[in-house]
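Read the numbers this way: they start at 1 and go in the same order the structure lists the ligands and their atoms. The chain is numbered in sequence order, starting from 1. Worth knowing before you read on, the calculation uses all heavy atoms, side chains too, and leaves out hydrogens, waters and symmetry mates.
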Amino acid sequence: MQPLQHVLRARGSLRRGPLASVSRLRLQNCKAHSRLSDAARPSLERQQNGVPKDFSSRLMNGPTFQHFLRSMSPPQEKPSFPEAEDPPPYLTVDKLLGRQRKVYLETYGCQMNVNDTEIAWSILQKSGYLRTNNLQEADVILLVTCSIREKAEQTIWNRLHQLKTLKTKRPRSRVPLRIGILGCMAERLKEEILNREKMVDLLAGPDAYRDLPRLLAVAESGQQAANVLLSLDETYADVMPVQMNPSATSAFVSIMRGCDNMCSYCIVPFTRGRERSRPVASILEEVKKLSDQGLKEVTLLGQNVNSFRDNSEVQFNNAVPTNLSRGFTTNYKTKQGGLRFSYLLDHVSRVDPEMRIRFTSPHPKDFPDEVLQLIHERDNICKQIHLPAQSGSSRILEAMRRGYSREAYVELIHHIRESIPGVSLSSDFIAGFCGETEEDHLQTVSLLREVKYNIGFLFAYSMRQKTRAYHRLQDDVPEVVKLRRLEELITVFREEATKANKAFVGCTQLVLVEGLSKRSSTDLCGRNDGNLKVIFPDIEMEDATNPGLTVRAQPGDYVLVKVTSASSQTLKGHVLCKTTLKDSSTYCSTERIATLS
Ligand code: 5AD
Ligand code: SF4
């Protein structure tokens, strides 16, 4: 998943309602303009003591009220050329084009960042940039960054030090190398990055990728350029992400951005802004395109994927109250109306019955019965649910402002297991949150033992500035204790996952083949319905879709694999035959239920 004084300002303004936000955002825009336009302005117009001399005249010349009315209306078809702002007069159309400059993109952090990289690249490609995978060849290096934990940011600072050498050693015969920071770290640290690392030429926050051609054009002129404006409605609905791996069998489709939950430890609402959903029609269009390209799996992506709510169609904006999971509450005023996640999931899964549908990352509060029922009924929706618990202690869950107690969470787990027999469960946990005692920690251990997750993501708590925990709580668990508790959680998780995964031994699994196993060129690798990795020898097998034929499995094929061994992370087995999702579903689900119940 999934985080500047500017951000705080933006957040404050959003709370105050549209008119206040207009004037605030207008100031921010002006600030961006002032940075970008300096090169072109006579020196008299430049800042004195940090205050633009003709600030009021520039405010007059800034974006109009109409501009903001447009940016606050529901997303519409946008022109392929980025229209974030009119370019300043000194940036001619020619300068906004990439002119075959080569861009090297490097992605850090979560799946959302992988998707953002594809969006950024799609925008730059349309502007005439070329892509390179060779760092030495690059004219522009863009790092798509993550701020969720301190360590993630440290990795980027280290990388910037390495890139500095590349920039300083660049021969004068080549165009100067430009380096940009995109995503959460740009949003969180803004000017701090530009001041600390003078070699950084541009910053673009998660909602500013349409502005990249302009930012790069400004950077070309030797100025630092930044746009870290957060948006209320940007979902990049009209930007078709460009898949980095043309032979991939699966793709991620972004369905919503931002988060309104404000869990007390989390920087995401500050770096990615308010929650907003992409219109259903544009999601369905993208899924259809991916299915036409032969992709076999789509993962719906968002910080809070199951709080999806498309309000773009007026007729659905009635006062239908939101159903939450039983015993769960929200940190915000309950929202109403719009097309909800179950509607989207239903329609996405109907696009192509041979296409597997997954979604990540959900919040446990948004699992009403209609979603669970749909997952149970629909063959191509994977019976796999990520249910981030974060802690097993109700006291810590309250401090984290998660909106549920341990008891409500466990009850939800039972309800999910009853509603979707054989469901595979995964979770996120944080070790050593503020005020966590040994007793709280043991409760997390006991939750891991009780639930027996198949897949787990475990982290040591990392205090992030601007979060509620930063302002109100003490980061009082010593680092060594956090790490020791994390180790204990990992050990217990592995033991329980091994037990849970061993239940698959002797069972037949429907596997979507991804390609060669990384560890052995004679083995293939794919994933079962529960998203566990399955390894099996690459041998000839019967093709049940073409009786009498034998074939070797190819990426994108569905095959049946008989599981012979299991660890905490992988299943191993031998391949039985090539099949289809539809033909195998009855057989596999009966067996899954029999094995796991
Ligand atoms: N420290 C440690 N882990 C965190 N996460 C989010 N914020 C923090 C933090 N400050 C974890 C949560 C979340 C996952 C994406 O990252 O477990 O679910
Ligand atoms: Fe962060 Fe909580 Fe939102 Fe997840 S739900 S992105 S943990 S604030």
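Of the candidates Asp233, Asp116, Asn115, Asp116 is the only one forming a side-chain hydrogen bond (donor to acceptor under 3.5 Å, both in side chains) with Arg257. Considering Phe359, Phe367, Phe308 as possible partners of Phe341, the one that fulfils the ring-ring contact (aromatic ring centres under 6.0 Å, His included) test is Phe359.
Within ligand 2, counting atoms from 1 as listed, the ones closer than 4.0 Å to a heavy atom of Tyr265 are 7 (S). The ligand atoms of ligand 2 that sit less than 4.0 angstrom from a heavy atom of Pro269 are 8 (S). Atoms of ligand 2 lying under 4.0 Å from at least one heavy atom of Met262, given by number and element, are 8 (S). Listed by number with element, the atoms of ligand 1 under 4.0 Å from a non-hydrogen atom of Arg464 are 10 (N). Per-residue contacts place Cys259 under 4.0 angstrom from the following atoms of ligand 2 (heavy atoms of the residue considered): 3 (Fe), 5 (S), 6 (S), 8 (S). The ligand atoms of ligand 1 that sit less than 4.0 angstrom from a heavy atom of Tyr461 are 1 (N), 2 (C), 10 (N).
The backbone and the side chain of Ile148 each have at least one atom closer than 4.0 Å to an atom of ligand 1 (non-hydrogen atoms only). Of all the heavy atoms of Gln390, the ones lying under 4.0 Å from any atom of ligand 1 belong exclusively to the side chain. Residue contacts with ligand 2 for Arg402 involve side-chain atoms from C-beta outward but no N, CA, C or O (heavy atoms, distance under 4.0 Å). Here Tyr265 has heavy atoms under 4.0 Å from ligand 1 in both its backbone and its side chain.
Ion pairing between Arg276 and Glu234 fails under the 4.0 Å rule for side-chain N and carboxylate O. Between Arg274 and Asp207 there is no salt bridge, since none of the side-chain N atoms of the basic residue sits less than 4.0 Å from a carboxylate O of the acidic one. Remark: Glu297 does not engage Arg527 in a salt bridge, criterion side-chain N to carboxylate O under 4.0 Å. The residues Arg485 and Glu436 are annotated as salt-bridged, a charged nitrogen and a carboxylate oxygen being separated by less than 4.0 angstrom.
Nearest to atom 14 (C) of ligand 1 by heavy-atom distance, out of Asp428, Asp475, Thr360, is Asp428. Looking at Arg149, Gln303, Lys482 and measuring to atom 4 (C) of ligand 1, the nearest heavy atom belongs to Arg149.
Between Tyr404 and His363, the two ring planes are perpendicular [angle over 60°; tilted spans 30° to 60°]. Classified by interplanar angle (parallel below 30°, tilted 30° to 60°, perpendicular above 60°), the ring pair Tyr461/Phe433 is perpendicular.
Using a cut-off of 2.8 Å, one finds that Cys263 contributes an N/O/S atom close to atom 2 (Fe) of ligand 2. Cys266 lies close to atom 1 (Fe) of ligand 2, since one of its N, O or S atoms is found at a distance under 2.8 Å.
Under the 4.0 angstrom criterion for non-hydrogen atoms, Ala460 is in contact with ligand 1.
At a threshold of 4.5 Å between non-hydrogen side-chain atoms, the residues Leu489 and Val445 count as touching.
Closest approach of Arg494 to Ser568, counting heavy atoms only: O-CB, 3.6 Å.
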